[in-house]
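Indexing begins at 1, ligand by ligand and atom by atom, following the structure's order. We count residues from 1, following the sequence as given.
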Amino acid sequence: MTPQAALLDDLATLLGKGGLLTEADDMERYRVDWPGHHGAEPLAVARPSTTRQVADVVGYCHRHDIPLVPQGGHSGLVGGALPDADHPELVVSLERMAAIRHVDPINFTMSVDGGCILQSVKDAAEAADCDFPLSLGAQGSCQIGGNVSTNAGGLNVLRYGMMRQLVLGLEVVLPDGRIYNGMKALHKNNTGYDLKQLFIGAEGTLGIVTGAVLKLFPRPQVSRTALLACPNVDAVLELYALARRSCCDLLTAFELVPRTCLELAMEAAPDLRDPLDAPAPVYVLMEVAASGPLDLDAMIETLFERGFEAGALTDGVLAASEAQARNLWHIREAMLEGQRNRGEHLRTDVSIPISSLSAFHQCASEEIQALCPQATIIAYGHIGDGNLHFNILPPPGLGADERSTLLHELEERLFEIVDDFDGSISAEHGIGRFKQSAFMEMLSEPEYDIMRGLKHLLDPRGLMSPGRILPRPAE
Ligand SMILES: Cc1cc2nc3c(=O)[nH]c(=O)nc-3n(C[C@H](O)[C@H](O)[C@H](O)COP(=O)(O)OP(=O)(O)OC[C@H]3O[C@@H](n4cnc5c(N)ncnc54)[C@H](O)[C@@H]3O)c2cc1C
């Protein structure tokens, strides 16, 4: 038996029937992510169904020097879950670990497997008259383990925070196969270093998240969605400050949607109609929600009045029904589809102090247009968190090499501007492999030393998601 055949044989024994995929056709879907990037063919795909099996597989890989990469719902946008081409890896997919372990509506917590789909978690919370507020376009496919590992953000960060603020406990299989059991459902726990935080946002480089205790909230009973037209980004920020002050801390989403994005959305979803009579340069899609019987309409009408008076708002529509609210949110989803349909482009996920966003937007737009006048800028995002997806569509008709060189140049310049504004090159998508070189350029020596030290402490053989976030040591 060849060493490769022996390895597959051992893993198949550890994982049992249906637990290991080795045929190229079966493994194909584990090589592709949502944006359509392809990874290499993995050594095999392990599909454990229990934490014990994850630990057995990881321990085996540790003893036999086999690199591995955990995989959730393949919706990550920085290539972290794709199998490596130069060093064949074992994919560990959590898709068979999708149980809701326990819901506690008095403690407002839920314990789940790492492979639970985010939408199932949200549904289970709702069934217990609670809310799990993480909300993002990929919620029908992304998994809690992936959300934890990327410290996912999404639409409601403004009110509830990112995944880091939504996790109370974690269960993690460490790179040597031991299990760290931190599944405590405690709202307060001040005993030494907060170890779970190490694994949140670690993109699978420090261990495999097999379970999580999540924080729940009272289920909103009333919510209102509005689309507001604004003359420019400055006005959007003025409106944001007004909304924060006049909506009693009930603002759950405040999204910037430029006109270009609305047009992309209508291109991708021809059933969508322009919600307002006249086009505006930028829009805000906002939502307020409350768990008690509050008059949200009065609150939003006051905001409208104050916005009009200040000149920050030129028109707007308040959804009169749930169906109308869904239609407005459909714009947000369809514009992503419209962007994807335009082919390869520069996707970024930057964050800037909110008060500097307008100046950044203007500076970056001018610089990018000066470098490439035919490029189309689509800068949208969770503006209430200072998070802009400053994306750039290249001019049509470029060859693949020319396009990728141009996008690389534009990204470099954009990230320099982000740095000038004291921002971050990744607000929520993470580093993975695609943002690694830019990340390395921005890391200070102490930051690098701490990160490298943590990685070495937990994964001295460098087998867990090698080459993601930090480069391999020899590279
Ligand atoms: C349409 C769309 C909209 C999106 N909107 C947002 C948004 O608003 N906000 C946002 O933050 N992100 C957004 N994303 C990005 C993405 O959905 C998130 O990063 C999500 O958290 C990834 O989860 P996943 O299960 O798909 O992980 P994957 O893509 O499978 O993996 C992502 C990373 O996590 C690691 N990983 C996965 N599972 C585990 C595990 N169990 N243990 C350890 N490591 C693991 C992988 O190795 C990889 O490095 C969006 C993506 C799409 C396609």
Side-chain angles (χ1 to χ4, degrees), residues 29-37 39 48 51 54 58 67-84 89-98 112-119 121 134-157 161-164 166 170-175 180 198-212 253 255 268 332-340 347 349 351 380-382 385 387 389 426-436 464-469:
R29 73 187 182 87
Y30 301 86
R31 297 175 55 184
V32 191
D33 62 12
W34 183 87
H37 303 111
T51 300
V54 177
V58 175
L68 43 84
V69 60
Q71 216 174 65
H74 317 194
S75 71
L77 299 173
V78 289
L82 294 175
D84 195 71
E89 294 170 336
L90 177 74
V91 165
V92 181
S93 166
L94 278 267
E95 65 193 351
R96 291 207 302 167
M97 292 182 61
V112 301
D113 279 354
C116 256
I117 303 277
L118 173 57
Q119 186 63 55
V121 169
L134 185 72
S135 178
L136 42 104
Q139 66 195 35
S141 54
C142 63
Q143 298 176 3
I144 289 299
N147 299 149
V148 169
S149 303
T150 57
N151 185 24
L155 299 172
N156 297 336
V157 172
M162 295 180 70
M163 203 56 181
R164 206 176 276 292
L166 299 173
L170 281 185
E171 178 188 85
V172 182
V173 172
L174 301 174
Y180 157 69
L198 268 184
F199 303 100
I200 303 176
E203 301 184 47
T205 59
L206 301 180
I208 301 189
V209 176
T210 50
E255 296 287 305
R332 184 66 178 75
E333 287 148 26
M335 73 194 209
L336 302 183
E337 205 54 50
Q339 241 184 107
R340 183 160 79 155
R347 284 172 190 277
D349 164 40
S351 76
Y380 63 94
H382 316 306
D385 316 322
N387 178 187
H389 298 299
S426 173
E428 54 181 19
H429 295 164
I431 302 301
R433 283 196 296 218
F434 299 161
K435 304 285 180 210
Q436 188 181 74
M464 189 64 85
S465 291
R468 279 74 166 187
I469 303 188

Handout entry: Within the 6.0 Å centroid threshold, strictly below: His37 and Phe434
Key = yes
Exercise for the section: With a 4.0 angstrom cut-off on heavy atoms, strictly below it, pick out the residues next to ligand 1 and order them by chain and number. Expected result: Trp34, Val69, Pro70, Gln71, Gly72, Gly73, His74, Ser75, Gly76, Leu77, Gly80, Ala81, Leu94, Leu136, Gly137, Ala138, Cys142, Gln143, Gly145, Gly146, Asn147, Ser149, Thr150, Ala152, Gly153, Gly154, Glu203, Gly204, Gly207, Ile208, Val209, Leu336, His382, Glu428, His429
Exercise for the section: Answer yes if the side chains of Asn387 and Ser351 hold a donor-acceptor pair under 3.5 Å, and no otherwise. Expected result: no
Practice task
Specify whether His382 and His389 have parallel, tilted or perpendicular ring planes, treating 30° as the upper limit for parallel and 60° as the lower limit for perpendicular.
Solution key: perpendicular
Practice task
Give the minimum heavy-atom separation between Leu82 and Arg433, together with the two atoms involved.
Solution key: O-NH2, 3.1 Å
Handout entry: Contact list for residues 70-79, test side chain to side chain donor-acceptor pair (under 3.5 Å), sequence neighbours left out
Key = Gln71-His74
Handout entry: Glu428 and Thr150 side chains, donor-acceptor separation under 3.5 Å
Key = no
